[in-house]
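Below: the structure, in C-alpha cells.
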There are 2 protein chains.
Amino acid sequence: MTDSVRNIVIQKLADGDYSCPKEFTLAMFSGKWKINIIYHLGHEGTYYFHEIQTLLPNASHKELAKKLKELISDGLINKNVENDGPHIKVAYSLTDLGKSLLPIINEMYDWGKNRLQEIHMENVKFGLGEIKK
Amino acid sequence: MTDSVRNIVIQKLADGDYSCPKEFTLAMFSGKWKINIIYHLGHEGTYYFHEIQTLLPNASHKELAKKLKELISDGLINKNVENDGPHIKVAYSLTDLGKSLLPIINEMYDWGKNRLQEIHMENVKFGLGEIKK
DNA sequence: CCGTATCCACACCGATACTG
DNA sequence: CAGTATCGGTGTGGATACGG
C-alpha cells in the first residue's frame with residue numbers, strides 16, 4: 001500500500017486538526033512493509049538493517065530505509081548505530097510507543113488468519129463443485 | 001492513503017499465496033475513506049449513499065462509489081436498492097464479517113485518540129517554552 | 001554497511017460529465 | 001439518486017548508482 005494517508009494526517013496536524021484518531025493510527029502502519037517491520041521487531045526484538053533486508057527479501061533497499069526513517073520520526077522505533085569494525089551496523093528496535101501498537105497488529109494478524117482460512121475453504125469447496133453459490 | 005496493498009493482496013490470493021494475514025486485514029480498510037465508512041456503518045447502522053456523502057463531505061462522489069463497491073466485494077458491507085418514487089435510494093450496512101472488524105477499528109480509534117492528546121500536549125508545552133527538548 | 005538521489009512506471013484519486 | 005468513464009495531477013515504490 002501506499003502512504004498517502006500519512007501525508008494527509010501530517011498535513012492535518014500541521015493545520016491543528018486533531019480529528020479522526022483512527023486515520024491517525026492507520027497512518028502509523030500503512031505504507032509498504034511498515035506493518036511487517038513493526039511485527040518482526042515486536043516479536044523478535046532488535047534487528048540490524050541487513051537482517052531486516054533478509055527478513056523482507058522483496059523490499060527494496062531504498063524503500064526499507066525510507067520507511068524506517070518514517071517510523072523513527074513517528075516515534076515507533078529506535079535507531080542505534082554501532083561502529084563495529086570497518087563497516088557500520090545499524091540496529092533498530094521498537095520504542096514503548098511502538099510496542100503499544102502490537103495488540104492491534106496481533107488482532108489484525110488473527111482476523112486475517114481466520115478470514116484467509118475461510119476463503120481458502122470456500123475456494124476448495126468451490127473448486128470441487130461442492131458449492132454452487 | 002492509497003490502496004496498493006489491496007491489489008497486492010488480491011494478486012497473492014490469485015497465486016494461492018495465503019501468507020501475511022496482517023497485510024490481508026490491512027487491505028480491508030486501507031484505501032481512502034474506507035475506515036470511516038466502516039466506522040459510521042458500525043456505530044450508527046444503515047446509511048443511504050447520499051447520507052454517506054454528507055457524512056464525508058470531502059470524499060468525491062466517484063471514490064465513494066468505488067470504495068463501497070470494493071467493500072462489497074470484500075464481503076464487509078451489504079447493498080440494498082430501494083425503488084422509492086422517481087429516484088433510487090441505495091442503502092448500505094455492515095455484514096457480520098464487517099462487524100467483526102469493529103473491535104480492531106475501535107482499538108485504532110482509542111490508540112489514535114490517546115496519541116493525539118499526547119502530541120497536542122507536547123506541542124502546547126513546547127509552544128509555551130516549558131519544554132526545551 | 002547504510003543512506004540518499006535520480007529516473008521512471010504505475011496506481012490513486014479529484015473534477016467533470018454522461019448514463020440509467 | 002446512483003454508477004461509470006475519461007483526463008490529468010500527484011505520490012509511491014522499484015532499479016540503479018553514488019556518497020559517507
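Letters A, B, ... are given to chains in the order of the sequence lines, protein chains preceding strands, and every chain is numbered from 1.
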W33(A) side chain: which of dC1(C), dG14(C), dG14(D) is closest?
-> dG14(D)
Which residue pairs pass the salt bridge (charged side-chain N to carboxylate O under 4.0 Å, His left out) test when at least one of the two sits in residues 48-60 of chain B, sequence neighbours left out?
-> none
Using a cut-off of less than 4.0 Å, is there contact between a side-chain N or O of K66(B) and OP1 or OP2 of dA5(D)?
-> no
Tell me which residues in residues 46-62 of chain B put a heavy atom below 4.0 Å from DNA chain D, sorted by number, or none.
-> F49(B), H50(B), H61(B), K62(B)
Among dC2(C), dG3(C), dT4(C), the nucleotide that comes nearest once only the side chain of K69(A) is considered | dT4(C)
In whole angstrom, give the distance that lies between atom NZ of K79(A) and atom C1' of dC1(C).
-> 12 Å
Would you call Y39(B) and K34(B) a side-chain contact if the rule is heavy atoms closer than 4.5 Å?
-> no
Are any of K32(A)'s side-chain N or O atoms less than 4.0 Å away from OP1 or OP2 of dG14(D)?
-> yes
What is the ring orientation for F24(A) with W111(B), classed by angle as parallel under 30°, tilted 30 to 60°, or perpendicular over 60°?
-> parallel
H87(B) atom NE2 is separated from dG3(D) atom P, nearest whole Å, by 14 Å
Go through the side-chain N and O atoms of Q53(A) and Y48(A) and say whether any donor and acceptor fall under 3.5 Å apart.
-> no
Check the distance between dC1(C)'s C1' and Y92(A)'s OH and give it to me in whole angstrom.
-> 11 Å
Return the angle between end axes of the helix from dC1(C)-dG20(D) to dG20(C)-dC1(D), with five pairs used per end and rounding to 10°.
-> 30°
Result of checking I72(A), T46(A), I37(A) against Y92(A) for side chain to side chain contact (heavy atoms under 4.5 Å, CB included) | I72(A)
